[in-house]
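These numbers come from a predicted model, not from an experiment. Quick note: residue numbers are just sequence positions, from 1. Just so you know, these numbers use all the heavy atoms, side chains as well, and skip hydrogens, waters and symmetry mates.
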Amino acid sequence: MDISSGDDSDISESEIEEYEDKSYKKLKDGNYKIKVSHEKYNCPFCPKKKKQDYLYKDLLQHASGVGKSSSDKRSVREKANHLALVKYLEKDLFGTVGSSSSSNAAAAVSKEEDPLSGCDHGEKTVWPWTGVVVNIPTQKLPDGRSVGGSGSKLRDELIRRGFNPIRVHPLWNFRGHSGTALVEFRKDWPGLHNALSFEKAYEADHHGKKDWFVNNGVKEGLYAWVARADDYKSSTIIGEHLRKIGDLKTISELMEEEARKQDRLVTNLNNIIETKNKHIQEMEQRCSETSKSLEALMEEKDNLSLAYNEEIKKIQVSARDHFQRIFSDHEKLKSQLESHKNDLELRGVELEKREALNESERKKLAEELEENAVQNSALQLAALEQEKADEKVMKLAEDQKRQKEELHNRIIQLEKQLDQKQALELEIEQLRGSLNVIKHMGDEDDIEVLKKVEASLKELREKEGELEDLEALNQTLIVRERKSNDELQDARKELINGLKEISSRSQIGVKRMGELDSKPFLEAMKQRYNEELAEERASEICSLWEEYLKDPDWHPFKRIKLEGGEEYQEVIDDEDEKLRDLKDQMGNEAYKSVTSAIKEINEYNPSGRYIISELWNYGEGRKATLKEGVVFLLKLWENAKRKRGMT
């Protein structure tokens, strides 16, 4: 079915897409005959054209050239029909082409896609790829200058046709628009492909370079081609502008230059890849080492956690057993106290019964004693009072002599002297009673004795006065002694505070009595754990034992009798349960540290059970005297003064 292209009055340019779809549908439904033979095809929309037999690629190129042509010779209907034919050939007919036709079509497609196919590699072409457009419509102004369409309009038209130019430069001279323009394409191979397609499209429409230079009368429409050496070297306005914007290069030269760039790029990329591979290998090695290290650390952490948990369980079990034993002992003591209380109550009942039975006998005995006392009271009382008076006189003489000899020890014997004073007062009263008895008896033979007694009383009163004076002196000495002791204690405290910063390696220094040494505990824990965990565990155990040392109910001592005497001494009880467990679990050094601390607390602060500072002689391992501390401090002061004098 053939159609004429002469009448397009029934279609406008705004309806070209709609008509293209209608033509494509008719082609798809088989309304037009396209395939002539196995490899030959015809154009159903060009019935008057002499050439009717096309190969697939030729027909595709013909339909594309007509459909995208900008020539005014082609009607809008013709362009829409040929665009529908291109769509049909590419989408529907391409898969039905025979083997040879398919290979030819594929070759044609690949040729179109490959910008270097069919090109003379030795031909010099203007680079960057540039197209030449001539016969652009212009209009003369009244002043004789010509004007024409803008380059952007032509560029947009070329872009719609699929040639993708970068920009279009209309060429102007002193007469205005020259009717020519240069089309600039991209500098890469796709840009060359667009330029060659641009040239072939105009050649297919018989508006190429050869068609332009053929002298066959007036030409209409645009003519275009790719700028080459003859255009570049021409003396026209086209040649002048081509020499300004580009250069002549062959495709071989560009390929060699690109190959060199590609080789350099490949070399650089290979170097970069090699460096990256080495870096990746190093990173993999580091990752592997890190993974192994992490695995080892995780395993060690698991082992430490397991050991720590086991140790905590042991400590908890030990503490629970210890508290259970304490509770059991407490219950036993409680039951023993109850039984002892019951025994005491029974014995009290028995004693009350015995007291009731013996009350009558006690009364009888008291009556007999009263009778005997009445009978013998006079003589016995007189003899007794006389003996006591003699004894008191002798004792007073001895006391007076001893007081003269031991006056420097009066502070210690103050209480004895007070007792002696009371005894003397008692003797005086007894002598007075004796005197009264003698007066009542009226015995003349005792007058001499009475005189002696009075003389003794007089002497006793004098001694009593001396004792009062001596008591006043003793009180004064006691006050002075207490004041001196307070001053000495204050001086010792000040000396301790001044020597606290002195290293314990000095001969005289300050020692914290009862302080627990943590080094043995740390050494014991290092044998079980790593350093960080060992410090933590040692700190926990030291804190526990410091609390034990402060406990006033814990007294791990026993009293033993010294040889050759009746005195007793307190020593560490090796059978104490806590100390025995400490020695078994932490070793002998930790045991020595705890026993040393508890000995110091028991000696220096048994009531408070807390750590106190004491002046200490490290050279001899004993408590230092105040004199030793003062002498040592003066030596330090003299050394510091000597150093300042030297500087």
Side-chain angles (χ1 to χ4, degrees), residues 1-11 13 15-114 117-118 160-163 196-208 210-211 214 216 220-224:
M1 180 177 179
D2 297 335
I3 62 173
S4 174
S5 61
D7 185 13
D8 58 344
S9 60
D10 57 344
I11 188 171
E13 290 187 6
E15 298 173 336
I16 187 170
E17 293 183 0
E18 182 180 355
Y19 196 80
E20 179 184 347
D21 293 337
K22 292 180 179 179
S23 298
Y24 173 71
K25 186 176 181 181
K26 291 179 180 180
L27 287 169
K28 196 172 182 182
D29 293 339
N31 295 336
Y32 300 114
K33 183 178 180 182
I34 297 175
K35 193 171 183 181
V36 178
S37 65
H38 186 66
E39 295 181 355
K40 298 295 183 177
Y41 302 87
N42 70 342
C43 179
F45 305 113
C46 296
K48 297 180 179 180
K49 198 169 183 180
K50 295 181 180 180
K51 184 178 180 181
Q52 289 293 326
D53 296 334
Y54 293 94
L55 294 175
Y56 176 83
K57 65 174 184 175
D58 295 334
L59 180 59
L60 181 62
Q61 188 173 0
H62 163 73
S64 177
V66 174
K68 297 178 181 180
S69 175
S70 62
S71 174
D72 295 336
K73 293 182 178 181
R74 301 290 184 178
S75 65
V76 177
R77 177 178 290 182
E78 283 184 299
K79 293 179 181 179
N81 289 333
H82 282 81
L83 290 175
L85 179 60
V86 171
K87 187 176 181 180
Y88 177 72
L89 290 173
E90 290 178 346
K91 289 189 175 182
D92 300 290
L93 197 59
F94 181 76
T96 62
V97 180
S99 59
S100 60
S101 178
S102 298
S103 61
N104 292 334
V109 173
S110 63
K111 184 176 181 181
E112 288 184 358
E113 293 178 354
D114 185 6
S117 62
R160 282 195 297 271
R161 295 182 63 181
F163 303 132
L196 294 176
S197 299
F198 161 79
E199 183 180 53
K200 289 179 180 179
Y202 279 93
E203 286 179 353
D205 204 20
H206 302 290
H207 281 71
K210 292 180 180 180
D211 299 319
V214 173
N216 57 357
E220 296 181 356
L222 301 179
Y223 288 76

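Atom NE2 in H82 sits 10.5 Å away from atom CG in L89 (nearest 0.5 Å). If you take OH on Y223 and CG on D205, they are separated by 9.0 Å, rounding to the nearest 0.5 Å. Summarising the geometry, atom CG belonging to L222 is positioned 5.0 Å from atom OH belonging to Y202; distances are rounded to the nearest 0.5 Å. Interatomic distance, CG of L83 versus CD of E78, reported as 11.5 Å (0.5 Å rounding). Remark: E199 CD to F163 CZ distance equals 11.0 Å, nearest 0.5 Å.
Contact annotation: the side chain of Y88 approaches that of I34 to within less than 4.5 Å [non-hydrogen atoms, C-beta and beyond]. D21 has its side chain within reach of K87: a pair of non-hydrogen atoms, C-beta onward, lies under 4.5 Å apart. Between S23 and R77 the shortest side-chain heavy-atom distance does not fall below 4.5 Å. Contact of the L59 side chain with the L85 side chain is registered, since non-hydrogen atoms from C-beta on lie closer than 4.5 Å. Contact of the Y32 side chain with the K26 side chain is registered, since non-hydrogen atoms from C-beta on lie closer than 4.5 Å.
Residue H62 comes nearest to C43 through the heavy atom pair NE2-SG, 3.7 Å, listed as atom of the first residue, atom of the second, then distance. Nearest heavy atom pair, residue L55 against residue Y41, reads C-CD1, 4.1 Å. A pairwise comparison of heavy atoms in A80 and E20 identifies O-CG, 3.8 Å as the closest pair. The nearest pair of heavy atoms linking N42 to P44 is O-CD, 3.5 Å. Across all non-hydrogen atoms, the minimal contact from S64 to V86 is N-CG2, 3.4 Å.
The backbone N or O of E220 sits less than 3.5 Å from a side-chain atom of H207, completing a donor-acceptor pair.
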